[in-house]
Amino acid sequence: FHYGMGPDPQHVRSFAERHGMVLMAWSPLGHGGGFGSSPIFLRDLPVKIAKSHNKSGAQVALKWILSHNVTLTTKSGNPKHLAENIDLFDWELTPAEVAALDDDLFARSEYDTPSFLCN
């Protein structure tokens with residue numbers, strides 16, 4: 001689950017809500033530019049929104065996930081990125097910003113569909 005998939009890809013989020021399940025975004029920043037594409041947090045919309053909040057595009061992408069009551073996990077060995085990943089709780093996206101991010105549907109490859117991992 002990440003920005004670009006829409007707020008309820010393949011109805012996974014609404015299914016989880018109906019059944020009392022907690023949805024977790026794994027790889028919440030997409031593929032970080034893998035598969036020949038730019039990182040999702042460098043797209044124009046999150047970068048524009050980030051500037052208005054003095055945040056990074058990655059923080060906007062993560063905050064969008066949290067705005068939909070989805071938990072997330074991140075991974076980084078970079079101290080700057082670790083600090084940004086935790087700096088998500090003292091600001092909010094406006095309803096208009098969330099709606100704009102909801103509508104920015106660009107993730108359409110086989111790598112950008114929700115999946116369940118069980119172990």
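What you see below is based on every heavy atom in this structure, not just the backbone, and it leaves out hydrogens, waters and symmetry mates.
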Please check if Val22 and Val12 belong to a single hydrophobic cluster, counting links between Ile, Leu, Val, Met, Phe, Trp and Tyr side chain heavy atoms closer than 4.5 Å. no
From Ile65 atom CD1 to Met5 atom CE, the distance as rounded to the nearest 0.5 Å: 9.5 Å
Taking all atoms of both residues into account, what is the closest heavy-atom pair of Ala50 and Gly57, and its distance? CB-N, 3.7 Å
Determine the minimum heavy-atom distance between Ser56 and Gln59, stating which atoms define it. N-OE1, 2.8 Å
Residue pair His53 / Glu97, side-chain donor-acceptor N/O under 3.5 Å: yes
Rounded to the nearest 0.5 angstrom, the CG-OG1 distance for Leu62 and Thr73 is 10.5 Å
When every non-hydrogen atom of Trp91 is compared with those of Leu93, the smallest separation belongs to CZ3-CD2, 3.6 Å
Beyond-backbone contact of Asn85 with Lys75, side-chain heavy atoms, under 4.5 angstrom: no
Supply the atom-to-atom distance Glu92 CD to Leu66 CG, rounded to the nearest 0.5 angstrom. 9.0 Å
On a heavy-atom basis, the closest approach of Val70 and Ala25 is CG1-N, 3.8 Å
Pairwise side-chain contact, Gln10 with Phe15, heavy-atom cut-off 4.5 Å (strictly under): no
Side-chain (Asp102) to main-chain (Pro7) donor-acceptor, under 3.5 angstrom: no
Arg43 side, atom CZ; Ile49 side, atom CD1 - distance, nearest 0.5 Å: 11.5 Å
Residue pair His68, Val98: steps toward the side-chain contact (heavy atoms from CB on, under 4.5 Å) verdict: CA-CA 9 Å; His68 288 295; Val98 172; 3.9 Å; yes
Salt bridge (Lys or Arg N to Asp or Glu O under 4.0 Å) involving Asp90 - partner list, sequence neighbours excluded: Lys55
Between Thr71 and Leu23, is there a donor-acceptor pair closer than 3.5 Å when you use the side chain of the first and the backbone of the second? yes
Residues two or more places apart in sequence or in another chain: which of them pass salt bridge (Lys or Arg N to Asp or Glu O under 4.0 Å) with Glu84? Lys80
In this structure, are over 12 heavy atoms from other groups packed under 6.0 Å from Asn78 atom CG? yes
Evaluate whether atom CD1 of Ile86 has more than 12 neighbouring non-hydrogen atoms of other residues, nucleotides or ligands under 6.0 angstrom away. no
For the CH2 atom of Trp26 and the OG1 atom of Thr74, what is their distance to the nearest 0.5 Å? 13.0 Å
Here the gap from Leu88 atom CG to Trp64 atom CH2, rounded to the nearest 0.5 Å, amounts to 14.0 Å
Once side-chain hydrogen bond (donor to acceptor under 3.5 Å, both in side chains) is applied, what residue pairs with a partner in residues 15-25 remain, sequence neighbours excluded? Arg13-Glu17
